[in-house]
Engineer: 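One structure follows; several queries about it will come next.
One-based numbering along the sequence shown.
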Amino acid sequence: MNAAAQSDNLPPLRDVIEKHRLIAKKSLGQNFILDLNLTRRIARAAAPLENCTVVEVGPGPGGLTRGLLMEGAHRVVAVERDHRCLAALAEIADRYPGRLAVHEGDALKVNWQKLLEDTNTDETIIVANLPYGVATALLTNWLEAEPWPPWYKRMALMFQKEVAERIVAEPGTKAYGRLAVIAQWRTRPRIVLNLKPEAFTPPPKVSSSVVFFEPRQNPTPSCSPQTLARVTAAAFGQRRKMLRQSLKTLTPMPELLLHKTGISPELRAEALTVAQFAELAAAFDAGAGPPR
Ligand code: SAM
């Protein structure tokens, strides 16, 4: 059954913003989406929502929150840093009894599993129009979740277009780097929606994209995500240099590590596949080359 509602009988978001005097703060990355048709489209990118608890970071005046609830999300658990937004969000919670919980705080400091302790739905998913200043830090935390498969079943997240392109980038391209490797090793990310600056109030300088992430059950080759982060930091830290040079910040004898994995020491970071990075990380942990 499609649980989507035609309207939520709440005031238009423009009126909500005016009533609660939610003048956008740049420091909090506040670019609001006021068109409920659009927020409902974003919500649908993460469907089905009926048996889901949705984690939302930064609900702001509640445009995406309302979209998620109208599209049938069983429950939304939202974390918002801006105290000014809480009264507006309380009105949405009143409209949907028992379906919206709002926590005031910094999403970077949240212990998600603790926050969701009494969740009783089949699935937890993450859907957010992320504040751009902390978007990659939040994503990296979610991608490095332990244990794996993670506590969330999938994510639909809005980023600046340029960041979205870095997440889905392929080897041999300029956008390919650390973010692509960690994201693609553990999930299958794909861009599902592009939005022009005018979709937001106030409009940001750049376009945005929604990326859908489906976690891989068993990322292969298997390796430690922390080691993978160290290997990619070394390799892409000096991306113009050959690996035999750039990996010196990781190990004094990169050739040993590269030899063990059959990777040419003359390649540059950008030529390696995601799997090859994971192989390097696994070999490093297995002790190929003396530790630093
Ligand atoms: N979801 C709303 C929408 O789509 O219109 C607002 C999205 S706006 C891009 C980002 C939101 O994240 C703002 O409401 C902002 O106050 C909030 N925010 C910024 N930094 C935050 C943080 N560290 N933790 C939680 N929320 C944060």
Engineer: List the atom pairs, donor and acceptor, that lie under 3.5 Å between side-chain atoms in residues 110-118 and the rest of the protein, sequence neighbours left out.
Structural biologist:
residue : atom : partner : partner atom : Å
Asn111  : OD1  : Gln113  : N            : 3.3
Asn111  : OD1  : Lys114  : N            : 3.1

Engineer: Starting at CG of Leu130, measure out to OH of Tyr132 and round the result to the nearest 0.5 Å.
Structural biologist: 8.5 Å
Engineer: Start with the C-alpha gap between Val54 and Ile126, add the side-chain angles, then the distance that decides, and say whether side-chain contact (heavy atoms from CB on, under 4.5 Å) holds.
Structural biologist: CA-CA 6 Å; Val54 183; Ile126 311 176; over 6 Å; no
Engineer: Write down the atom of Asp15, the atom of Pro11, and the distance for their closest heavy-atom approach.
Structural biologist: CB-CB, 4.3 Å
Engineer: Determine the minimum heavy-atom distance between Leu13 and Gly63, stating which atoms define it.
Structural biologist: CD1-CA, 3.5 Å
Engineer: Would you check, one step at a time, whether the test side chain to side chain donor-acceptor pair (under 3.5 Å) holds for Gln184 with Arg216?
Structural biologist: CA-CA 9 Å; Gln184 295 175 30; Arg216 295 178 193 272; over 6 Å; no
Engineer: Go through the structure and list residues passing side chain to side chain contact (heavy atoms under 4.5 Å, CB included) with Pro150, not counting sequence neighbours.
Structural biologist: Ala145, Trp148, Tyr152, Pro215
Engineer: If you look only at distance, which donor and acceptor atoms sit under 3.5 Å apart when one is on a side chain in residues 136-144 and the other is two or more places apart or in another chain?
Structural biologist:
residue : atom : partner : partner atom : Å
Thr140  : OG1  : Thr136  : O            : 2.7

Engineer: Enter the distance from Glu50:CD to Glu123:CD here, rounded to the nearest 0.5 Å.
Structural biologist: 10.5 Å
Engineer: With Ala93, which residues qualify under side chain to side chain contact (heavy atoms under 4.5 Å, CB included), at least two apart?
Structural biologist: Leu100
Engineer: Can you name the side chain to side chain contact (heavy atoms under 4.5 Å, CB included) partners of Asp106, sequence neighbours left out?
Structural biologist: Arg81, Leu108, Lys109
Engineer: Between Ile125 and Val55, does the side-chain contact (heavy atoms from CB on, under 4.5 Å) criterion hold? Intermediate values first, please.
Structural biologist: CA-CA 6 Å; Ile125 65 177; Val55 167; over 6 Å; no
Engineer: What pairs with Glu198 under salt bridge (charged side-chain N to carboxylate O under 4.0 Å, His left out), at least two apart in sequence or on another chain?
Structural biologist: none
Engineer: Which value, rounded to the nearest 0.5 Å, describes the distance between Lys153 atom NZ and Asn51 atom CG?
Structural biologist: 12.0 Å
Engineer: Can you tell whether the side chains of Arg186 and Glu146 come within less than 4.0 Å, N to carboxylate O?
Structural biologist: yes
Engineer: Applying the 4.5 Å side-chain criterion to the ILVMFWY set and letting contacts propagate, would Leu38 and Ile92 be lumped into a single cluster?
Structural biologist: yes
Engineer: Going by salt bridge (charged side-chain N to carboxylate O under 4.0 Å, His left out), name the residues that satisfy it together with Arg190, two or more places apart in sequence or in a different chain.
Structural biologist: none
Engineer: Output, in order, the C-alpha distance, side-chain angles, deciding distance and verdict of side-chain contact (heavy atoms from CB on, under 4.5 Å) for Lys161 and Asn194.
Structural biologist: CA-CA 8 Å; Lys161 191 160 181 255; Asn194 290 310; 3.9 Å; yes
Engineer: Tell me which pairs pass side chain to side chain donor-acceptor pair (under 3.5 Å) where either residue lies in residues 16-26, with sequence neighbours left out.
Structural biologist: Lys19-Glu91, His20-Glu91
Engineer: If I take atom CD1 from residue Ile42 and atom CG from residue Asn37, how far apart are they, to the nearest 0.5 angstrom?
Structural biologist: 11.5 Å
Engineer: Looking at Arg239, I'd like to know if its CZ atom is crowded, meaning that more than 12 non-hydrogen atoms belonging to other residues, nucleotides or ligands lie closer than 6.0 Å.
Structural biologist: yes
Engineer: Apply salt bridge (charged side-chain N to carboxylate O under 4.0 Å, His left out) to Glu104 and list each qualifying residue two or more places apart in sequence or on a separate chain.
Structural biologist: none
Engineer: Can you confirm whether more than 12 heavy atoms, excluding those of Arg44, are under 6.0 Å from its CZ atom?
Structural biologist: yes
Engineer: Kindly write out the residues that satisfy side chain to side chain contact (heavy atoms under 4.5 Å, CB included) with Pro203, not counting sequence neighbours, or none if the list is empty.
Structural biologist: Pro197
Engineer: For Glu214, is there an ion pair with Arg154 - N to carboxylate O distance below 4.0 angstrom?
Structural biologist: no
Engineer: Indicate the atoms forming the closest heavy-atom contact of Cys85 with Pro61, along with that distance.
Structural biologist: SG-N, 4.4 Å
Engineer: How far apart are the closest heavy atoms of Val211 and Pro189, and which atoms are they?
Structural biologist: CG1-CB, 4.0 Å
Engineer: Do Thr65 and Glu56 get their side chains close enough for a donor-acceptor pair, meaning under 3.5 Å?
Structural biologist: yes
Engineer: Can you spot which of Val127, Leu193, Val192 makes a side chain to side chain contact (heavy atoms under 4.5 Å, CB included) with Phe212?
Structural biologist: Val192
Engineer: Could you go through the side-chain contact (heavy atoms from CB on, under 4.5 Å) check for Tyr96 and Arg75 one step at a time?
Structural biologist: CA-CA 9 Å; Tyr96 293 96; Arg75 195 157 169 258; over 6 Å; no
Engineer: In chain order, what residues pass the ring-ring contact (aromatic ring centres under 6.0 Å, His included) check against Phe236, with sequence neighbours excluded?
Structural biologist: Tyr176, Phe277
Engineer: Would you name the heavy atoms of Arg240 and Arg268 that are closest together and state the gap between them?
Structural biologist: O-NE, 2.7 Å
Engineer: Using the test salt bridge (charged side-chain N to carboxylate O under 4.0 Å, His left out), find all partners of Arg40 that sit at least two apart in sequence or belong to another chain.
Structural biologist: Glu71
Engineer: Got a second to check how far Glu279's CD is from Thr220's OG1, nearest 0.5 Å?
Structural biologist: 10.0 Å
Engineer: Determine the minimum heavy-atom distance between Leu64 and Asn129, stating which atoms define it.
Structural biologist: CD2-N, 3.7 Å
